[in-house]
Amino acid sequence: MPLDRKQAAARLTELRREIDHHAHRYYVLDDPVISDGEYDRLFRELLDLEAAWPELISPDSPSLRVGGAVLAGFTTVAHRLPMLSLENVVSVAGIEDFEQRMRRFLGADAALSYVAEPKLDGLAVELVYEDGLLVLAATRGDGRRGEDISANIRTMPMIPLRLRNDKGKPPPLLEVRGEVFMDRAAFAALNHRRFLDKEPLFANPRNAAAGSLRQLDPMIAAGRSLDFYPYGVAEADSLGLDRHSEVMLRLTDFGFKVNPHVRTCDDIAAVAAHFSRLAGLRSTLPYEIDGMVVKVDSLELQARLGVKTRSPRWAVAWKFPAVQATTVLHAVEFSVGRTGAVTPVAALKPVEIGGVTVSRASLHNVTELRRKDLRLGDTVLIQRAGDVIPEVVKAVTENRDGSQEPVTVPETCPVCGTTLELPEDEVILRCPSLACPAQKLRALAHFCGKNGLDIEGLGARAVEQLFEAGLIADVVDLFSLKKQDLETLPGWGAKSAAKAITALEKAGMTRMSRLLTALGIRFVGEVTGSLLEKHFKTIERLAAADFEQLAAIEGIGPQIAKSVVDFFADPGNRERIAALQKNGIKLQPPDESGALLAGKVFLFTGSLRISRSEAKTRVLELGGQVVSALSRRVDYLVCGEKPGSKRDKAIAAGVTVLSETEFIDLIA
Ligand code: IVH
């Protein structure tokens, strides 16, 4: 019996309350009390009812988490009260000074106690709640006016759309302020995806979070795994509380997830102790922090201390020592990669940055190098962000005294001497010679490595050893290796040699798609490799294809098509493939159950018991496609353990959600 309007309204209220409750248990408390399946069922029921009764969709419905309409632009909104910034200190002396200044202001006997909180490296936002309902979310902007990013913020499952009121009613107006950030894992995953999709990478989690909040399509923001910690409210006394620490507890009651490392400290010694604790914890935290914020706990004293033009007198940021440093640029070295890309690397006077000695730093590519206009002997600014490779930010030109010399970009390959090429629409200088030893070595390492045939026992170091010993000069030589060749090499023995030979034989039984990927054809990765295999079935047919045939395939753009044609136009490559097939590669026939998943698009989330690459390979083999972000094209979301927010978004978007077991049943 379908529900009438009144029944539907009542059921919707109930569903919203339940879904909200369970999302809070899951995302805020990290302590779910129902199974994913039960949760999915509730969400589906809500969506079905809302679809039947669109006029009953409420402004706090969990279905808002999915994203909704694409915006034309962001509107500017004024903050009712300005969003201030903080003054910095960098030492215990600095923090003691901060206290002395306040004592001069308040009188020597003021009862000062503090709250010390991690300083999150993200973006400040303001969330405006009217009668408990989230009505607006805005960026800090210039402190007075920011941008309305409500649609993006609403997709974040740890941000209440309606404040919880089980521990007391929220005030008519509450402006919550806090930091939106991206944790390290989400940042790494996002950049990895962008790398595979050949999109520019984000320099750090902060930029990634900023870029995500600035998406006009909330669905994209929804897929970006943003996180949020509140750090205060605009007008704390509106809550009728006496202390900042109480405000933070109140925010927990309202349904926010408050950072677990917020501490009350009775005096500056306790503040300093917490700073040391956080500094020690820093590298183990799942997100980046750049210091600690120290706030006077008493709201009355905060009010008495007041604010200066841009920052309050009652709070200060105690920053960790900089992860930037200046040093001298000694030389620029040029290294040649697998595809012949020539990468400039800065050789530096060793300098310590954040506890690590740095003597080399990335210059990315020659176009970047020219743009930075570095000179040998320059003082340069270096930075290290998290675990990424240190990079040269810029030259400190003020320090030039005329003795600095321009960097000469080589015209010929530093390894093989071939004239280098820099195609007009590209930023990367390349050695075009297929005979270049540097490229050969890197190509060999790729061929044997994880993204190639994944040959056990032949890691990058072993490959280099064999290459230098003259045992392998090309991938073709791999399959002629004998146990006797290997066992006498330093560090090898009969056992490891036998193992490597067996691994080689096993790796030779591979699929066409895998071989194509291993060969390192530019722009041909796993997905493209599978498309090509599906389409052409044999390498011979692929080699005979022309540009038009290739470019006509859905999913193969002109760039890929050209790269494939160029690759097979080279007789050396054709010979190489023929030799590989003669010596050791036995291509396995494609799975002819083929069409089972034809046209179906899969997305994986959470940790699976089988490996991601296995899951992906199976889908591709069955004719399906695998993508790395939620979009309207996705047919199935396969959830492993801890699926995170993608699951809700997928359900809300009408995507079929499968458990790992269901997925395995499907592909079996
Ligand atoms: S309090 C008036 N607390 O740091 C107090 N800020 O340099 C204003 N930030 O724009 C901010 N973690 O984006 C505060 N626990 C924390 C913070 C924090 C990060 C950021 C925030 C602010 C900037 C000020």
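Counting starts at 1 for both ligands and their atoms, in listed order.
- Between atom CG of residue Leu123 and atom CE of residue Met182 there is a gap of 10.5 Å, rounded to the nearest 0.5 Å.
- Under the 3.5 Å distance criterion, with hydrogens and angles disregarded, no donor-acceptor pair is assigned to the side chains of His22 and Arg25.
- Remark: Phe604 pairs with Phe663 by the ring pair (Phe, Tyr, Trp, His ring centres under 6.0 Å) rule, at least two apart or across chains.
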Dump all N/O pairs between ligand 1 and the protein below 3.5 Å as a table: atom names plus distance, one pair per row.
unit_1   : atom_1 : unit_2 : atom_2 : d
ligand 1 : 3 (N)  : Lys295 : NZ     : 3.0
ligand 1 : 4 (O)  : Lys119 : NZ     : 3.2
ligand 1 : 12 (N) : Leu120 : N      : 3.2
ligand 1 : 13 (O) : Glu179 : OE1    : 2.6
ligand 1 : 13 (O) : Glu179 : OE2    : 3.3
ligand 1 : 15 (N) : Glu117 : OE1    : 2.7
ligand 1 : 15 (N) : Pro118 : O      : 3.4

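- Within the 6.0 Å centre-distance limit, the rings of Phe275 and Phe320 are counted as a close aromatic pair.
- Residue pairs meeting the salt bridge (Lys or Arg N to Asp or Glu O under 4.0 Å) criterion with at least one member in residues 62-86, sequence neighbours excluded: Arg80-Glu175, Arg80-Glu235.
- For Asn191, the side-chain hydrogen bond (donor to acceptor under 3.5 Å, both in side chains) test picks out no residue, with sequence neighbours left out.
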